[in-house]
Every structure is written in C-alpha cells, then in structure tokens.
2 protein chains.
Amino acid sequence: MENLVREKRMALGMTQDELSAKLDVSRQTISSLEKGRYNPSITLAFKLSKLFQCTIEEIFIYEEE
Amino acid sequence: MENLVREKRMALGMTQDELSAKLDVSRQTISSLEKGRYNPSITLAFKLSKLFQCTIEEIFIYEEE
DNA sequence: TTTTATTGTCAAGCTTACTTTACATTTAAT
DNA sequence: ATTAAATGTAAAGTAAGCTTGACAATAAAA
C-alpha cells in the first residue's frame, strides 16, 4: 500500500525520530512505513491522520490486490 | 475501537457469512470485529469501506487511549 | 575533511490480527 | 416443538505489525 507519510512528515519539518516520539512508536516503524516495508495497524494510521490533520484515505492509498 | 460494522452489514441485508466471503476473511473475523474483540488491519478496514461505500472514519471510531 | 544528524536495515523476540476446527447458543422458519 | 439458519466463542496455530539493539550508509554542518 502506497503512503504519503514521508511527504506529510517533511511538510511539518519533522525528523523520523521526532515523529516516532509523538506517535509513541519506534523510529524503525516510521522508517519501514515510509519505505513501504509493511502496512500500518489501523491505530497507527489513525494516530498519523490525527497528527497530520487529514483522513486516513489522504495518507494511505489502497489498491486491491 | 468502536465500529459500525454490524449496522452497515445489516443495512445491506447481509449475513456475517456473506460479508466474510465477499471480503475474503473468515466468519469469525467478522463476528469478533462486530463484538469489538480486536481491531481490524488497515487492509480489512479499507475492504469494508469500499464495500460499504464510505470512509474508514465513518465505520471505525478512534478514541486515543 | 571531519564531525554530527538523519536515515536504512538486520536479527531476534513480542503482540495481535486472523485462520481453521469445532461446538454451543440464539433466532427464525416450518 | 423441531429443524435449520445465523451467530458466539474457545483453542491452537500462522502471519504480520512493532519492539529493542546494534551498526552501516547517507546527508548536512562545522
């Protein structure tokens, strides 16, 4: 699943480390997410949408397999 | 996390079995979801939003811990 | 160029979403 | 009242999200 985490994070001028701290996840989780290594849990997706002030759909692009 | 899966499913007149088949998950997954036993993966959330023709936010109500 | 900040990634382990199987309980139909 | 359909739930296993720790690679700053 594609996502715009990196773009949204940089738009806020944050480092992966700062973002992970705010969301209470590890930095590796953010790095892997941005790299598309895995999909986020729905709770992490909600946390991101809240911080980025947009909908989940605006951050994550779902394409059926 | 609260959700309106049962309400949306019944609005479509579907059984748990029919819904699970359409989403390609087990019936127990739907039953447990409706009962609030666990949160869905983001891919399952997207599948539901697509089938129900609404946003993830309209099905799942996130409240920070 | 040397240092420092930032990011990439690997391995091993934990947690939880989800599966299969199986059976009990509730609801609806006959 | 019986039967059948729909739902609840438990146990054991698999898959994937996420953690910690550690180190390499890249980017930015001094």
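Reckoned from all heavy atoms, side chains included, excluding hydrogens, waters and symmetry mates. By convention in this document, chain letters (A, B, ...) are assigned in the order of the sequence lines, proteins followed by strands, and residues within each chain are numbered from 1. Quantities reported herein were computed from a predicted structural model and do not represent experimental measurements.
- A heavy atom closer than 4.0 Å to some atom of DNA chain C occurs in A/R9, A/T15, A/Q16, these being the qualifying members of residues 7-23 of chain A.
- Its side chain within the 4.5 Å cluster rule, B/L4 clusters with B/I61 among the Ile, Leu, Val, Met, Phe, Trp and Tyr residues.
- Applying the side-chain hydrogen bond (donor to acceptor under 3.5 Å, both in side chains) criterion to B/S32, with sequence neighbours excluded, gives no partner residue.
- Pairs of residues two or more places apart, or lying in two chains, that qualify as salt bridge (Lys or Arg N to Asp or Glu O under 4.0 Å) and include a residue from residues 49-61 of chain A are A/K50-B/E64.
- Between its opening and closing five pairs, the helix from C/dT1-D/dA30 to C/dT30-D/dA1 changes axis direction by 50°, a value rounded to 10 degrees.
- Taking both residues in full, the closest heavy atoms of A/N3 and A/L33 are given as ND2-O, 3.0 Å, listed atom of the first, atom of the second, then distance.
- Residues passing the ring pair (Phe, Tyr, Trp, His ring centres under 6.0 Å) test with B/F60: none are found, sequence neighbours excluded.
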Give me the distances for all protein-to-nucleotides 27-30 of chain D N/O pairs that come in under 3.5 Å?
none

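- Picking from D/dG8, C/dT19, D/dC18 the nucleotide with the shortest atom distance to the side chain of B/S31 gives D/dG8.
- Taking side-chain N and O atoms only, B/S26 has a distance below 4.0 Å to OP1 or OP2 of C/dT19.
- Between B/R37 atom CZ and B/S31 atom OG the span is 7.5 Å, to the nearest 0.5 Å.
- Residue A/I30 contributes atom CD1, which lies 15 Å from atom P of C/dT9 at whole-angstrom precision.
- Identified under the side-chain hydrogen bond (donor to acceptor under 3.5 Å, both in side chains) test for residues 5-17 of chain B, with sequence neighbours left out: B/R6-B/E34, B/R9-B/E34, B/Q16-B/E34.
- The stretch residues 49-56 of chain A does not touch DNA chain C, since none of its heavy atoms comes less than 4.0 Å from the strand.
- For A/S26, the side-chain hydrogen bond (donor to acceptor under 3.5 Å, both in side chains) partners are A/T29, not counting sequence neighbours.
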Dump the pairs, protein N or O against N or O of nucleotides 23-30 of chain C, anything under 3.5 Å, distances to one decimal.
none

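- Regarding A/L44, its CG atom lies at a distance of 13 Å from the C1' atom of D/dT19, rounded to whole Å.
- Residues B/L12 and B/L23 are members of one and the same hydrophobic cluster, defined by side-chain heavy-atom contacts under 4.5 angstrom among Ile, Leu, Val, Met, Phe, Trp and Tyr.
- Against DNA chain D, the stretch residues 33-41 of chain A makes heavy-atom approaches under 4.0 Å through A/Y38, A/N39, A/P40, A/S41.
- Counting all heavy atoms, side chain and backbone alike, B/K47 lies closest to A/Y62 at CG-OH, 3.4 Å.
- A/P40 places a side-chain heavy atom less than 4.5 Å from the side chain of B/I42.
- In this structure, the side chains of B/C54 and B/I59 come closer than 4.5 Å at one or more pairs of heavy atoms.
- When all heavy atoms of B/L19 and B/V5 are compared, the closest pair comes out as CD2-CG1, 4.2 Å.
- Checked by atom type and distance alone, the side chain of B/S49 pairs as donor or acceptor with a backbone atom of B/F46 at under 3.5 Å.
- Between B/E63 and B/E2, some side-chain heavy-atom pair lies under the 4.5 Å cut-off.
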